Amino acid sequence: SQQGEEDPQALSIQEGENATMNCSYKTSINNLQWYRQNSGRGLVHLILIRSNEREKHSGRLRVTLDTSKKSSSLLITASRAADTASYFCAAGSGAQKLVFGQGTRLTINP
Amino acid sequence: ETGVTQSPTHLIKTRGQQVTLRCSSQSGHNTVSWYQQALGQGPQFIFQYYREEENGRGNFPPRFSGLQFPNYSSELNVNALELDDSALYLCAGRTSNTEAFFGQGTRLTVV
């Protein structure tokens, strides 16, 4: 069973708007990673935030991490049609496995 | 380009058969992990190899087994296939405590 959860499960917005996805996890972590998946194919790594970091930016992506609440959020600004995909958070505990949530299905409407 | 390739991309097997999935990771990826992703779900951890030794396993039965080779390639073997084994199987390579780089996956269908 999944040990993380993304919220919302599905999100549909207009091109140019911002998209925010939330993630909660249950384990202690060394890092929290976000991935994108197009059409059920491989996962593309987007960003990694370490447990001692609170916010991180990469291009149009902004990730926050609140270890006290065991939660993270991913913000995609100025969305584009190409951002349409499923987004997953994954809790990383050092050298061990990644624990994924069920994902958020993001649709960007032109 | 993630530096991780998987083969085959699609596979159809009959219930009860055995299957071997392959993964080739780039030099330096001393850790390889395998995940199973059912339709509409997030990936579930199967097991992980570090320097050719299994060093972590998820909640999967022993009929799921694996190997890692010195050339950074890896195999996932599944015996006595069941219908519920139908899924996308993902391989990921990484160095210690860094982001994982995933292959495009193998879509296994068991009929």
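Fair warning: this is a prediction, and the values are worked out from it, not measured in the lab. In what follows, every chain begins at residue 1, and chains take the letters A, B, ... in the order their sequences are listed.
In this structure, B:L90 and A:G42 approach most closely via the heavy-atom pair CD2-CA, 4.0 Å. Residue B:E99 comes nearest to A:Y35 through the heavy atom pair C-OH, 4.3 Å, listed as atom of the first residue, atom of the second, then distance.
Atom CD of B:Q48 sits about 8.5 Å away from atom CG of A:L98, to the nearest 0.5 Å. Rounding to the nearest 0.5 Å places OG of A:S86 at 8.0 Å from CD of B:Q37.
For CD1 of B:I12, the number of neighbouring non-hydrogen atoms (other residues, nucleotides, ligands) closer than 6.0 Å is 12 at most. Around CZ of B:R63, the count of heavy atoms belonging to other residues, nucleotides or ligands within 6.0 Å exceeds 12. The local environment of CG in B:L83 is crowded, with over 12 non-hydrogen atoms from other residues, nucleotides or ligands closer than 6.0 Å. Counting non-hydrogen atoms of neighbouring residues, nucleotides and ligands closer than 6.0 angstrom, the CD atom of A:Q14 exceeds 12 such neighbours. Around CD of B:Q17, the count of heavy atoms belonging to other residues, nucleotides or ligands within 6.0 Å exceeds 12.
Contacts between B:Q6 and chain A at a heavy-atom distance below 4.5 Å are absent for every atom of the residue. Contact of A:Q37 with chain B is made through the side chain alone, with heavy-atom distances under 4.5 Å. Proximity to chain A (any heavy atom under 4.5 Å) is shown, for B:A92, by neither the backbone nor the side chain.
In the hydrophobic cluster analysis, where Ile, Leu, Val, Met, Phe, Trp and Tyr join through side-chain heavy atoms closer than 4.5 angstrom, B:V4 is grouped apart from B:L67. There is no path of hydrophobic side-chain contacts, each under 4.5 Å, that joins B:L88 to B:L76. By the rule that hydrophobic residues join a cluster once side-chain heavy atoms approach within less than 4.5 Å of another member, A:L46 and A:I13 end up as members of one cluster. A continuous path of hydrophobic side-chain contacts links B:V19 to B:I46 [ILVMFWY only; heavy atoms under 4.5 Å]. Residues A:I47 and A:I29 fall within the same hydrophobic cluster, defined by Ile, Leu, Val, Met, Phe, Trp and Tyr side chains chained together at heavy-atom separations under 4.5 Å.
Using modelled atom types, no side-chain atom of B:Y35 and backbone atom of A:F100 make a donor-acceptor pair closer than 3.5 Å.
When the heavy atoms of residues 102-111 of chain B are compared with those of chain A, the residues falling under 4.5 Å are B:F102, B:G103, B:Q104, B:G105, B:R107, listed by number.
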